[in-house]
Amino acid sequence: MKKLILLTSLFFTAILFNNLNAQELPQLKKEGNITRLYVDGKPFIMVAGELHNSSSSNLTYLAPIFPKLKEMGLNSVIASISWEQFEPQEGKFDYSLIDGIIAQARANNLKLCILWFASWKNGLSTYTPLWVKKDTKRFFKLKQSNGSIGEVISSFCKEAQMADAKAYVQLMKRIKEVDNEHTVVMMQPENEVGAFQDMDYNKQALDLFKSQVPETLIRYLQKNTNNLSPEMKSVWQKNGSKTKGTWSEVFADDMKSAQNFFMTWQYASYINEVARLGKQELNLPMYVNAWLVQNPTELPGSYPNGGPVSRAMDIYKAAAPNIDFCAPDIYAPNYKEILAMYHRSDNPLFIPESTIDQARAFYAYAEHNAICFSPFGIEDAYTNLAYRQAISVINELMHYIIKYQGTGKMHGFMRTKNSTRDTLTFGDDRVYVEYNKWDNTGYGLVIQTAPDEYIIAGITARITFGKKDPSKVIRLGHVFEGNFEGEKWVTTRMLNGDETWQNDCVLITGRKAMIAQTLDGQIVPPQPGPNQPALESAKSTEVQTPAIYKVITYEMK
């Protein structure tokens with residue numbers, strides 16, 4: 001009897017341990033109108049950077065990079081693992097890279113998002129193992145309209161899907177075995193998928209294209225009609241909002257939407273199965289990223305046809321329930337427009353690739369409650385003092401950013417090519433941002449911490465306050481410039497007179513600092529310590545970066 005009680009106790013202890021461990025896993029949680037990433041039970045915003053594609057292919061090459069990224073102020077890194085290196089021979093897995101990447105990230109207190117370069121990367125299949133590339137019969141390739149066949153795996157190839165998923169499961173299993181500290185917080189299966197043509201002309205594809213649109217997609221369209229992307233909604237309704245029919249019957253238009261949605265359904269279904277099996281082994285958040293449509297007139301195939309572009313994002317929502325969100329890779333100048341397309345109630349904003357632009361980071365975190373902002377080729381930003389100092393300000397404000405995301409009391413502002421003024425709305429209160437006409441550097445954020453109190457961080461802008469009712473006049477009471485030490489506000493000076501145009505506006509000029517930097521980009525103290533010789537190679541540079549202000553307003557009666 002005692003033995004039975006002991007075994008029962010051990011059994012329930014094991015269940016409790018497993019449940020606690022599962023609860024501690026990084027996860028996405030819906031809170032009100034936003035979705036947050038939780039890591040170790042706390043909200044976590046990724047101040048991240050994505051490595052160049054080959055930087056994580058060799059641990060010796062990678063070793064000096066992580067310390068630099070930590071020095072830059074990042075808390076996360078996006079790094080790739082390729083199928084060809086992970087499974088160089090079928091069924092034989094090499095764990096050295098994933099083990100080493102996790103170990104190096106952990107040693108530098110950095111969290112990881114792992115990119116799985118497998119069946120596709122940038123619409124091509126260059127990261128598949130050699131044994132996959134050689135066996136063109138088993139792993140058949142996408143067929144072009146002229147009958148030619150290249151090296152791109154067909155999304156209709158079940159053998160490729162199963163082999164990819166098998167390797168991905170082994171990757172997730174290995175992460176589970178070696179990552180008890182939850183260094184890996186996110187996964188991306190595949191990368192910028194899609195075909196550079198309107199269709200896959202394999203017989204399997206052509207036959208399925210003539211078949212009925214899956215009922216799952218029809219039900220999704222009916223249930224989410226009011227929330228569909230404008231393109232998908234327009235095409236479906238233009239064809240009579242049909243609930244039955246072939247792809248051409250339901251989605252035909254001049255933009256070849258039928259082909260686009262059909263191919264997207266296939267890619268999404270393929271990736272969903274890889275993600276589903278991976279999550280069974282280790283249930284981490286997973287996303288897909290998009291090579292964007294560069295202009296509205298582009299036809300499928302001009303961009304990777306089948307990826308989660310905004311016009312077809314709803315296909316992923318219907319076909320891939322194991323994909324948590326779709327993420328845009330943004331190099332295009334219409335940044336604000338793209339963020340608005342991807343930030344939806346069912347799709348939190350996560351930017352895995354972007355230009356190295358601090359204005360974009362501020363705007364994404366403050367205006368769209370972004371989970372992550374990550375420039376591509378982050379190693380290149382190590383010597384970019386302006387970016388590094390701006391990230392330092394974001395980290396200084398992080399406790400406020402986390403607190404105010406999703407409340408409607410935080411907004412971002414960002415100068416664009418044609419904008420000279422922005423209006424930020426806080427209930428009945430208005431904050432007016434004016435930019436200099438002679439430059440394009442203005443950006444920042446505004447947080448309303450009380451009815452008459454604001455925290456403002458930014459650079460190169462003039463800010464005034466008002467009400468929805470224009471007859472009410474709001475004036476500046478006090479303006480303090482300062483910084484946060486932890487969560488404590490420290491005033492460095494009180495601004496008045498000329499610095500506020502006699503309390504008419506807040507002049508966001510930014511901080512100026514002399515920063516000494518060695519030739520290889522290392523920042524050194526401006527004054528060496530008692531036992532430290534001055535570095536002759538260090539060069540001092542004046543850098544202007546965002547400043548932080550606390551502003552008190554009052555209404556004139």
Side-chain angles (χ1 to χ4, degrees), residues 73 356-367 384-398 400-401 410-424 426 429-449 452-466 474-485 489-517 523 526 540-554:
I356 297 171
D357 185 339
Q358 51 267 38
R360 291 185 169 205
F362 271 80
Y363 189 79
Y365 290 133
E367 186 65 21
N384 187 329
L385 292 177
Y387 189 78
R388 291 173 66 168
Q389 293 300 105
I391 291 300
S392 176
V393 174
I394 286 174
N395 287 332
E396 196 175 327
L397 289 165
M398 186 53 71
Y400 267 100
I401 294 173
M410 178 169 65
H411 288 291
F413 59 90
M414 175 182 170
R415 171 74 185 267
T416 58
K417 184 177 181 180
N418 298 316
S419 67
T420 59
R421 182 180 174 92
D422 277 320
T423 300
L424 312 180
F426 299 85
D429 298 315
R430 300 291 183 269
V431 175
Y432 304 106
V433 183
E434 293 183 82
Y435 303 105
N436 293 335
K437 296 180 180 179
W438 56 85
D439 61 46
N440 59 357
T441 59
Y443 67 86
L445 59 81
V446 178
I447 304 172
Q448 187 180 45
T449 54
D452 58 353
E453 182 177 287
Y454 297 84
I455 295 294
I456 302 173
I459 188 171
T460 319
R462 293 183 298 278
I463 292 182
T464 55
F465 299 83
I474 304 300
R475 298 287 294 173
L476 296 179
H478 298 295
V479 178
F480 304 97
E481 186 180 66
N483 59 278
F484 286 98
E485 294 180 0
W489 171 259
V490 177
T491 297
T492 55
R493 60 175 177 162
M494 181 177 180
L495 303 179
N496 206 323
D498 292 343
E499 279 74 32
T500 61
W501 285 2
Q502 285 66 50
N503 281 10
D504 181 66
C505 64
V506 183
L507 297 174
I508 308 298
T509 56
R511 297 171 177 169
K512 291 183 179 180
M514 292 299 295
I515 299 175
Q517 189 178 34
I523 293 178
S540 293
T541 305
E542 183 178 86
V543 179
Q544 189 173 20
T545 58
I548 304 177
Y549 307 85
K550 180 177 282 191
V551 180
I552 310 297
T553 64
Y554 68 95

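FYI, side chains are in, hydrogens and waters are out, and symmetry mates aren't considered; it's all heavy atoms of this structure. In this text the structure is predicted, and so the values were computed from the model without any measurement.
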Residue pair Arg415, Val433: steps toward the side-chain contact (heavy atoms from CB on, under 4.5 Å) verdict: CA-CA 10 Å; Arg415 171 74 185 267; Val433 183; over 6 Å; no
Ile459 versus Thr441, closest heavy-atom pair with distance: CG2-O, 3.6 Å
With Trp489 via ring pair (Phe, Tyr, Trp, His ring centres under 6.0 Å) - residues at least two apart: Phe484
Approximate separation, where rounding is to 0.5 Å, of Met398 CE and Tyr365 OH: 5.5 Å
Set of residues satisfying side-chain contact (heavy atoms from CB on, under 4.5 Å) with respect to Asn436, sequence neighbours excluded: Trp438, Asp439, Thr460, Arg462
Approximate separation, where rounding is to 0.5 Å, of Glu367 CD and Asp422 CG: 8.5 Å
Counterpart residues, side-chain contact (heavy atoms from CB on, under 4.5 Å), relative to Gln448 (two or more places apart): Lys409, Phe426, Asp429, Tyr454
Nearest-0.5 Å distance, OH of residue Tyr400 to CG of residue Leu445: 12.0 Å
Nearest heavy-atom neighbours spanning Tyr443 and Pro546: OH-CG, 3.3 Å
Between OG1 on residue Thr545 and CG on residue Leu385, distance to nearest 0.5 Å: 10.0 Å
Polar contact flag, side-chain donor to acceptor under 3.5 angstrom, Asn503-Thr500: yes
Straight-line distance of Tyr387 OH to Ile394 CD1, nearest 0.5 Å: 6.5 Å
